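Report on the structure given below.
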Amino acid sequence: MITTAVPDFAATLPDGGRLMGLDVGTKTIGVAFCDVNWSFATPDKTIIRKKFSADLETLKMLVAQHGIVGLVVGLPLNMDGTDSPRTQSTRAFARNLLPLGLPLLLWDERWSTAAVERALIAADVSRAKRAERVDSAAAAFILQGAIDALTR
């Protein structure tokens, strides 16, 4: 099941359990995880994209390794809330994740990368280190927004 509605997503989840957040780009996938109580999201790694089959195998491994019960994928909407070619690509990516058998929430990711960039600059992280961390940090930002909505 893929949805943009938090209540529908929540209805398919057990009470608690780890969620995985993804920031899907054209070259990389930022990955983050939350704790079983949905309190905080933590950046994990950045996957360098290859063929989708290889990306799916990597994600399957992470799902099994971390006991994931649901996915949150950042949806790159235009500023006016409409779809763009990237939005359509992300929706297609999400549909291709259905073989994982997990509920999937598409979460509005507008401003996520900009917010993360500002936070990393404020923390005086070098440009090179920011480039390494921005995708997984954006995934954590996206996931944190979703878990905050789930626990309200």
Side-chain angles (χ1 to χ4, degrees), residues 1-13 17-35 38-60 62-63 66 68-123 125 127 129-152:
M1 180 218 45
I2 298 174
T3 185
T4 57
V6 172
D8 295 344
F9 181 64
T12 65
L13 296 172
R18 295 190 78 187
L19 303 176
M20 181 165 64
L22 302 175
D23 179 32
V24 181
T26 56
K27 296 178 182 168
T28 60
I29 303 169
V31 179
F33 299 103
C34 74
D35 63 304
W38 304 341
S39 301
F40 56 89
T42 307
D44 189 65
K45 63 174 59 185
T46 299
I47 300 168
I48 305 300
R49 292 196 62 183
K50 299 177 175 101
K51 289 184 175 183
F52 180 77
S53 58
D55 296 342
L56 183 60
E57 285 306 311
T58 301
L59 293 172
K60 275 184 189 176
L62 291 171
V63 164
H66 293 274
I68 301 302
V69 298
L71 302 172
V72 177
V73 176
L75 187 63
L77 298 169
N78 288 323
M79 287 314 213
D80 64 0
T82 60
D83 283 2
S84 69
R86 274 222 36 226
T87 309
Q88 294 168 0
S89 174
T90 300
R91 287 182 193 278
F93 183 90
R95 283 190 301 274
N96 289 333
L97 295 177
L98 288 175
L100 294 174
L102 296 172
L104 192 147
L105 175 66
L106 293 171
W107 186 258
D108 182 355
E109 73 164 38
R110 286 178 282 185
W111 300 109
S112 63
T113 301
V116 166
E117 281 278 350
R118 280 194 303 273
L120 292 172
I121 289 168
V125 176
R127 185 180 302 266
K129 293 282 186 193
R130 284 196 314 264
E132 290 174 13
R133 297 180 185 169
V134 72
D135 294 323
S136 61
F141 186 88
I142 292 162
L143 182 55
Q144 188 66 53
I147 62 176
D148 287 349
L150 282 166
T151 57
R152 276 191 216 131

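The figures here come from the full heavy-atom set of this structure, side chains too, leaving out hydrogens, waters and symmetry mates. Bear in mind the structure is a predicted one, so any value in this text is a computation, not a measurement.
- The main-chain N or O of Pro85 is never found under 3.5 Å from a side-chain atom of Ser89 such that the two would form a donor-acceptor pair.
- In this structure, Thr46 OG1 and Asp23 CG are separated by 8.5 Å, a value rounded to the nearest 0.5 Å.
- With a 4.5 Å cut-off on side-chain heavy atoms, Thr28 and Ile48 count as touching.
- Summarising the geometry, atom CG belonging to Leu22 is positioned 15.0 Å from atom CH2 belonging to Trp107; distances are rounded to the nearest 0.5 Å.
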Requested in this report: Would you check, one step at a time, whether the test side-chain contact (heavy atoms from CB on, under 4.5 Å) holds for Thr12 with Leu102?
Outcome: CA-CA 9 Å; Thr12 65; Leu102 296 172; over 6 Å; no
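- Counting heavy atoms from C-beta outward, Pro76 and Glu109 have side chains that approach closer than 4.5 Å.
- Taking the side chain as every heavy atom from C-beta outward, Leu97 and Phe52 approach each other to under 4.5 Å.
- With contacts defined as side-chain heavy-atom distances shorter than 4.5 Å, the pair Val73/Leu104 qualifies.
- Between Leu62 and Met20, the shortest heavy-atom distance links the atoms CB-SD, 4.1 Å.
- The closest side-chain heavy-atom distance from Leu13 to Leu19 is below 4.5 Å.
- Summarising the geometry, atom CG belonging to Leu59 is positioned 8.0 Å from atom CG belonging to Leu71; distances are rounded to the nearest 0.5 Å.
- Ser84 and Thr87 share a side-chain donor-acceptor pair at under 3.5 Å.
- No donor-acceptor distance shorter than 3.5 angstrom exists from the side chain of Asp83 to the backbone of Gln88, with no hydrogens or angles considered.
- In this structure Asn96 satisfies the side chain to side chain donor-acceptor pair (under 3.5 Å) test with no other residue, sequence neighbours excluded.
- Side-chain contact check for Leu77 versus Thr82: every heavy-atom pair is 4.5 Å or farther apart.
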Side chains of residues 137-152: which donor-acceptor partners sit under 3.5 Å, not counting sequence neighbours?
| unit_1 | atom_1 | unit_2 | atom_2 | d |
| --- | --- | --- | --- | --- |
| Gln144 | OE1 | Ala41 | N | 2.8 |
| Gln144 | NE2 | Ser39 | O | 3.3 |
| Gln144 | NE2 | Asp148 | OD1 | 2.8 |
| Thr151 | OG1 | Ile147 | O | 3.0 |
| Thr151 | OG1 | Asp148 | O | 3.3 |

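- Contact annotation: the side chain of Leu75 approaches that of Arg91 to within less than 4.5 Å [non-hydrogen atoms, C-beta and beyond].
- Side-chain contact between Arg49 and Ile29: present, with at least one pair of heavy atoms (C-beta onward) separated by less than 4.5 Å.
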